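The structure appears below as C-alpha cells.
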2 protein chains.
Amino acid sequence: MVIEIDFNSDEALYLQLRNQIIMGIATSQYQEGDSLPSVRQLADMVGINMHTVNKAYTVLKQEGFVKVDRRRGAVIAIDVDKLQTIAELKKELRVILAKGSCKNITREEMHELIDEIYEEYGGLE
Amino acid sequence: MVIEIDFNSDEALYLQLRNQIIMGIATSQYQEGDSLPSVRQLADMVGINMHTVNKAYTVLKQEGFVKVDRRRGAVIAIDVDKLQTIAELKKELRVILAKGSCKNITREEMHELIDEIYEEYGGLE
DNA sequence: TTCGTTGTTATACTTATCTTATCACAAATG
DNA sequence: CATTTGTGATAAGATAAGTATAACAACGAA
C-alpha cells in the first residue's frame, strides 16, 4: 500500500500514518493477519524517523487495530468493542455535524456525504 | 451559555472552547449577531488565561464563525462557503467512517448515528 | 474629561508534544 | 553466525500550548 506524508500539513506525522493505515484497513488494502512494514522499513520509505513510525504503531495497537508479534512485526488484528467505538465516533461527529449545521449543511446533505464517501471507498460495508 | 473545560482532556484548551462554541451556535444557544463574552470575562469564568481564549476566538474568526467588532467584541457572524465546508467535512469524515468500518459499524448504523445526534440537538436542520 | 472595558499586540517564560538521533538489547530468522 | 525484528533508554532540537505581565488605541458611560 502506498503511504505518503505531507510535510506541509499541520497534522502530526504519526497521526497521518495512523489515519492512512486505518483507511487502508477499511478499504481492504490491509486485511486481518497482514503484516505492516517494519518500523525501520516504513521510516525509510516515507523519509521520517523510526520512532515516529513506532509511535503510530503504538497508537494503532492501543486503539485495537494491530497486535505486535515479535517475529512478524505489527499485524492487522481488529479488536472490536462496538459500544466504545460508537461512543468515540459520536463525540467526534457532534463537532462535525455542528460545524456543518452552522454552514447550512442540511441533515440530508450530511447523509449524502456519508454515502459519497462509502462509494469512494468502493461499496464498502 | 455554559462553557466548561476539562483539564484532564488531552484536547487543547482553545480547541475545547472552539468546539463548544460551534456546538453552541448549532444549537441556537448563540445566534447570529450575539456577542460572545469578552476574552477576559470568559477566561475568568472557566479559569484559564486570557490569551488562550483569544486564540480560540481567533480560530473561530479564521474559520468564519465570528467577526470581531471593536466595541461589541466577538460577534457571531457565519461566513458560509459551502463548497469549502463540504471539502473539509469530507476529509474528516473519511477517517471517521474508516475507523467505524474497521470496527464493524455498518453504513446503516452510521446513518442512524447521524440521526441520533440530530435528535440530541433537538430536531435541528 | 475621567474611568473602565474592549480587542489587540508584544515580550517572556514554562511546560508539553513532536521529531530526530544514537545506542543498546533480547528474540527470532536465515 | 550475521541480520532483522520490536523495544527501551537517553538526549537533543523544534514546535505548540499555556501562562504572565504590560501596554496601546478605541469606545461607552460617568
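Chain letters run A, B, ... following the sequence lines, proteins first, then strands; residues in each count from 1. Note that this is a predicted model, so its numbers are computed, not measured.
Regarding contacts with the backbone of C:dT5, every side-chain N or O of B:S38 stays at 4.0 angstrom or more from both OP1 and OP2. A close approach under 4.0 Å does occur between a side-chain nitrogen or oxygen of A:Q41 and OP1 or OP2 of D:dT5. Taking only side-chain nitrogens and oxygens, A:N54 comes nearer than 4.0 Å to OP1 or OP2 of D:dT7.
Put simply, the side chain of B:T27 gets close to the backbone of B:G24: a donor and an acceptor are under 3.5 Å apart. Side-chain atoms of B:T58 come within 3.5 Å of backbone atoms of B:N54 as a donor-acceptor pair (strictly under, hydrogens ignored). Between the side chain of B:D34 and the backbone N or O of B:Q31 there is at least one donor-acceptor pair closer than 3.5 Å.
The CG atom of A:D44 sits 17 Å away from the P atom of C:dT19 (whole-angstrom rounding). Atom CZ in A:R72 sits about 12 Å away from atom P in D:dG6, given to the nearest Å. Following rounding to the nearest Å, A:L36 (CG) and D:dT4 (P) show an atom-to-atom distance of 20 Å. Rounded to an integer number of Å, the gap from CG of B:D69 to C1' of C:dG7 is 10 Å. The distance between atom CG of A:D10 and atom C1' of C:dT19, rounded to the nearest whole Å, is 16 Å.
Between the NZ atom in B:K91 and the CD1 atom in A:I96 there is a gap of 12.5 Å [rounded to 0.5 Å]. If you take CG on A:L15 and NZ on A:K55, they are separated by 8.0 Å, rounding to the nearest 0.5 Å.
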Treat primed atoms plus P, OP1 and OP2 as sugar-phosphate and everything else as base, then score nucleotides 14-23 of chain D 5' to 3': B for base contact with protein heavy atoms under 4.0 Å, S for sugar-phosphate contact only, - for none. ---SSBBBBB

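Taking a 6.0 Å sphere around CD of A:E4, one finds it holds 12 or fewer heavy atoms contributed by other residues, nucleotides or ligands.
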What protein N or O atoms touch nucleotides 28-30 of chain C N or O atoms at under 3.5 angstrom, if any, and at what distances?
none

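In this structure, a donor-acceptor pair under 3.5 Å is absent between the side chains of B:Q16 and B:Q20. Using a 3.5 Å distance cut-off with no hydrogens or angles, the side chains of B:N19 and B:E11 do pair a donor with an acceptor.
Partner of A:K90 under the salt bridge (charged side-chain N to carboxylate O under 4.0 Å, His left out) criterion, chosen from B:E119, B:E116, B:E112: B:E116.
Within the nucleic acid shown, B:K67 has no heavy atom closer than 4.0 Å to any nucleic acid atom.
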